[in-house]
Chemist: 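Dumping the structure here so I can ask a few things about it.
Convention: sequence-line order gives letters A, B, ...; per-chain numbering from 1.
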There are 2 protein chains.
Amino acid sequence: MSSDRTRSAILAAAERLYADRGFGDVTLRDIVAEANVNLAAVNYHFGSKDELIAELFVTRSLATNRERLNELKAAEEKGGGRAPIEAILHALVGPTLRGCLGPDREGSTAARFMIRASIESVPPIRRIKNREVDHLRKFIAAMRRAMPGRDDADLYWGLHFALAMSHHTIREKERLAKLSEGQCDLNDVDAIVERVVSVSVMALTGGEAPTKKAPGKVAASHGRLTRQDL
Amino acid sequence: MSSDRTRSAILAAAERLYADRGFGDVTLRDIVAEANVNLAAVNYHFGSKDELIAELFVTRSLATNRERLNELKAAEEKGGGRAPIEAILHALVGPTLRGCLGPDREGSTAARFMIRASIESVPPIRRIKNREVDHLRKFIAAMRRAMPGRDDADLYWGLHFALAMSHHTIREKERLAKLSEGQCDLNDVDAIVERVVSVSVMALTGGEAPTKKAPGKVAASHGRLTRQDL
DNA sequence: TTGCAATTCAAACACTTGTATGAAACTATC
DNA sequence: GATAGTTTCATACAAGTGTTTGAATTGCAA
């Protein structure tokens, strides 16, 4: 039970290559060349290519999830078991945005890798992402505590939109930069986080009465919310 | 110059297969089998696999863009050259959401194909998407007319978030359905469009003074906007 | 019909992919 | 220092990929 130097070299090389060139056109041979390691070492240490990818992604996303939950827990403890909705959403989108848009920190290969993972959606990663629902439910629960009486569907939509904005910003940051000709500052991550949180909060509170179930007004059918636009 | 029956059979089969199983694991042999056509026919009629994919995507996205611009033009004419921001955003996200979430309409293979294209991001499609910036600029221009004096960066962010919410809803509709255990009605497309538009409008107007450049308050640095959250 | 171009077809090509094999090299324990 | 277990290595394998080829077939005009 020695040399996991090969193992780590493979992990590092794979993450770097995937981050730079995507999953689509990086082969095992590319990886072992970058890692100065024999081709068979991948299957020896990881079993298969997919398991290598899975291990990379699991490691990184566990770290992100831990960070999210820590931030959430801190916010809820500070508020005596009930965090303000801004803090909850901040805990949700902050770690991801900081991780993927932030400055280099350890070369940022991890960040660029996670961006790729968010763009390309290769089978082993998709499988893992599908287990992420439980994690999100914890945030739904916190949101329910923060906004009691609010229709559950609205909470789901709010969380969904918050993730939408942060993920899409990560996925399409080059395009946004190009479209806006640099007028959108994508380096000021904190400002982006605030912007996403701010809009998400408005999505959750702006459209109707700030708390408690709004009395009737629009009929039942299926739990649709009442809105006042258009 | 006859038989483009083979040609169309290939297009139809390819779209159906890509829609169902994604670009990743559909081979030319799958396509020609589904189309009852010889393998060489693809290269004969399209030149290469990538050109086949490109033709499929170009056709569909031109149709969407045309629909968007028609809706925008109609709204601007109705308002004498200046459409309300709600209408502009409606024209932006409506066609895509209706196309990808709407009921079956011609079997909805086109819709499911566009969802795949939005998820998988294969090279030929990426190339085409990168030329979409000009199209989006037309919406930025319309938004500028609707909200004169508003900081350009805010407009870009607003458009970006609108696209974020609609695309993410398309990409992750199964996940949202699963997470919300059916409490989010993903069949009522009009309601979704309204929701997305409503939040986008709030993103553009809610955070600060409704029109004109907000006076100072927070310092200059680089055109960051002033917000009042957290 | 004849002739010619467009189309179809079966077959093979050239290449890349992830994976498996079995021997060699190494490492640590006794 | 021999031995057993782990790790590395060169090499081969089997399968699948998009693409090409050149001969058959078709369809249409002269």
Chemist: Look at the side-chain N and O atoms of B:T6 and state whether any lies under 4.0 Å from the OP1 or OP2 oxygen of C:dT8.
Modeler: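 Answer is yes, contact under 4.0 Å.
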Chemist: Holding to ring pair (Phe, Tyr, Trp, His ring centres under 6.0 Å), I want the full list of residues that pass it with A:F57, two or more places apart in sequence or in another chain.
Modeler: none
Chemist: Tell me the interatomic distance from A:R7, atom CZ, to D:dT6, atom P, rounded to whole angstroms.
Modeler: 16 Å
Chemist: In terms of the angle between their ring planes, are B:H160 and B:W157 parallel, tilted or perpendicular, with boundaries placed at 30° and 60°?
Modeler: perpendicular
Chemist: I want to check one thing: is the phosphate of D:dT6, taken as OP1 and OP2, less than 4.0 Å away from some side-chain N or O of A:H45?
Modeler: no
Chemist: What string of B, S and - do you get for nucleotides 10-23 of chain C, 5' to 3', if B is base contact, S is sugar-phosphate-only contact and - is no contact with any protein heavy atom under 4.0 Å?
Modeler: B-B----BBBBB--
Chemist: Taking only residues two or more places apart in sequence, or in another chain, which ones meet A:F46 in a ring pair (Phe, Tyr, Trp, His ring centres under 6.0 Å)?
Modeler: none
Chemist: I need the CG-C1' distance between B:D4 and C:dT7, as an integer number of Å.
Modeler: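 Those two atoms, CG and C1', are 12 Å apart.
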Chemist: Under the salt bridge (Lys or Arg N to Asp or Glu O under 4.0 Å) rule, what pairs show up with a residue in residues 27-40 of chain A, not counting sequence neighbours?
Modeler: A:R16-A:E34, A:R21-A:D30
Chemist: Name the atoms and distances for all side-chain donor-acceptor pairs under 3.5 Å in residues 134-141 of chain B, with sequence neighbours left out.
Modeler:
{"unit_1": "B:R137", "atom_1": "NH1", "unit_2": "A:L179", "atom_2": "O", "d": "2.7"}

Chemist: Could you pull out all residues at least two apart from A:Y156 that satisfy ring pair (Phe, Tyr, Trp, His ring centres under 6.0 Å)?
Modeler: none
